[in-house]
Protein chains: 2
Amino acid sequence: MVRARKTRLADVAARAGVSRTTASYILNGRSGEMRLSDDAVARVRAAAVELDYRPNRAARSLRTSQTRTVGLVSDSVASGHFASRMLTGASAAARESDHVLLIGETDGDPLVERLLVEQMLDQGVDGIVYATLRHREVAVPAALRQTRTVLLNCADPASGLPAVVPDEHGGGRRAADLVAGVAGPVVVVGDDHEQGTHAGAMRLAGLEEQLAARGREVADVLRCDWSVAGAREAVTSWWGTGVRNGALVCMNDRVAMGVYQALTAREAAIPGAFAVVSFDGSELATWLTPALTSVALPFAELGATAVRLLLDPPPGASRTVRLEMPVVHGGSVPASAAVTR
Amino acid sequence: MVRARKTRLADVAARAGVSRTTASYILNGRSGEMRLSDDAVARVRAAAVELDYRPNRAARSLRTSQTRTVGLVSDSVASGHFASRMLTGASAAARESDHVLLIGETDGDPLVERLLVEQMLDQGVDGIVYATLRHREVAVPAALRQTRTVLLNCADPASGLPAVVPDEHGGGRRAADLVAGVAGPVVVVGDDHEQGTHAGAMRLAGLEEQLAARGREVADVLRCDWSVAGAREAVTSWWGTGVRNGALVCMNDRVAMGVYQALTAREAAIPGAFAVVSFDGSELATWLTPALTSVALPFAELGATAVRLLLDPPPGASRTVRLEMPVVHGGSVPASAAVTR
DNA sequence: CTGTTAGCGCATTCAC
DNA sequence: GTGAATGCGCTAACAG
């Protein structure tokens, strides 16, 4: 662990033969404000490179009260299998803007949440992204009012805070397009208000709306929690209704896995007899056979967008940004069934 | 966004009627070094609370050149479905010690890696955890030498840096114990040197060793990559050998999923005809039917341990810490088969 | 036992 | 065009 003696701005200035002020202006790209000789500018730049000068962030922060740091506090995003990609996107976007990402998880504990937010505030973060594992409504802690905040994968109607969320409703419409051409009834698997209202209800609304536009409808909604076992059981008991073809729209990829289990146990062909589509677009979709066609949650993009929104807020009003849910095509829908808009 | 005017140490001192020095000592818990009147101590503490005093981190950092910040740079830990829990553990451990966790991903790009490390160094992190998605060997960037570093889920033999890794070998032995009592051959599914040598080779070594200790052996190793499709195909073609019972030890949970697919397609009962165990202990294991018995990668613990090691290094030599891989019991092994050590 | 003083490294105002 | 002077808030010598 060899820690080189740090070179300070003064060193650079000395080597370039200018004052610290001059060096500071040049290095901060504000040389235009001072009409400096091109030569001086070049000398300073060269000196900075030669000395491998890196500004001391603490000193700069002390002066400017900015830290080039953004915090991301979530309930349990890092623990999620797939939602953790919000962190990937967020940290990449932060780095793009020469910022660094601080993370912390509350695991849903309001006390920890308060502590964590205050810790980040203490650190002097330039802003906080408040994220949730599931797309849902939240009531953000009051302390967040002390800094710029962007909501990620959640909304707080009371606060009017800007938010970045997946366009669940549009995703529902896409699912509709995927199955509109399928023979037999369209059946939804998964409770519509599981896991907070947003995802389920909005997907279902979009699905129904677009199906209606195509002269079709949801024939049935199999209520079950969004789990493999729940879905498997729901489909298994639904099997008794005697339907032997159609489209099963699953509320998420795990539900689809349960559907696959129930269907294959009964030797019902996918996509021959039943088309299956779902929401999430997680890696699980690619593990199933045939690969599952899924309307994807663009987690990395969501994370990146939230950080960008935090760091360079667009001039207009602070609005909710809805990101498209792209379709990840697998082989669980007959090629002929998809309808182009 | 209401940002309250910050109260400074001077304010606290003034309110308590003492000097800044005194207040500083007291608030830093070093009042013992100064033999202060109990009354003064109490007054300062009270003032700090009343004024909701929070030290300015930037100023403190400038003075002490410590930031109470630790960086975690990885190839793509946040993108992994399951490995991202290292972040959960790491950030929790950081918070325990009143530190904050900075994260960044390189996606395997050496250039990004250098940049990221330097960015963190610029930020003045108190140390860096260098993590990888897969347990493997690495060659850390030279810049890491400038700060305390702990390796997480990887090893760099050349550097001699302390590391925290799962005890793959011990995990292999546990897998052996799980299947030692099963009738029929023990077959391994998954190439032993896939994804870096560590995981595969060590698991296999531990498995063989413990199996030998029980008078058993690995009958076959089905070579395939660690994927659902690869495993499914491997088992499907192995089916031709005519074996109709035994134990299948899968190199990870995805491999096990492929094994399940191949087996159920042939109506081979799990665990009736075949016991299946695997490594990872990811959520996928719980989604399969029957739930998969898996030797788990303790990701959250790994992350937490790495941060603790970084923050309070034990006196002795810097050694490699191997964390136990606990068994997550499912229903894929006949109850009678497990052998207690 | 307590207060005074001097920087930490940088950005910035103001004379020169 | 440039350089001296100031202060961000805190810690830690050093006097008293």
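As the structure is a computational prediction, the values presented were derived from the model and not from experiment. Just so we're on the same page: letters track the sequence lines, and every chain starts at 1.
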_Criterion salt bridge (Lys or Arg N to Asp or Glu O under 4.0 Å) on B:Arg148 and B:Asp312, from CA distance to verdict_ = CA-CA 11 Å; B:Arg148 292 203 103 261; B:Asp312 355 81; over 6 Å; no
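- Summarising the geometry of B:Val18 relative to B:Ala40, their closest heavy-atom pair is CG1-CB, 4.5 Å, with the distance given to 0.1 Å.
- Between A:Ser61 and A:Gln66, the shortest heavy-atom distance links the atoms OG-O, 2.9 Å.
- Shown here for B:Val321 and B:Thr305, the closest heavy-atom pair between the two residues is CG1-CG2, 4.3 Å.
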*Encode nucleotides 7-13 of chain C as B, S and - characters from 5' to 3', where the letter depends on protein heavy atoms closer than 4.0 Å: B to the base, S only to sugar-phosphate, - to neither.*
BBBBBBB
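- In this structure, the CG atom of B:Leu51 is 14 Å from the P atom of D:dG9, given to the nearest Å.
- The OG atom of A:Ser79 sits 12.5 Å away from atom CE of B:Met86, with the distance rounded to the nearest 0.5 Å.
- Put simply, A:Ser19 has no side-chain N or O that comes within less than 4.0 Å of OP1 or OP2 on D:dT2.
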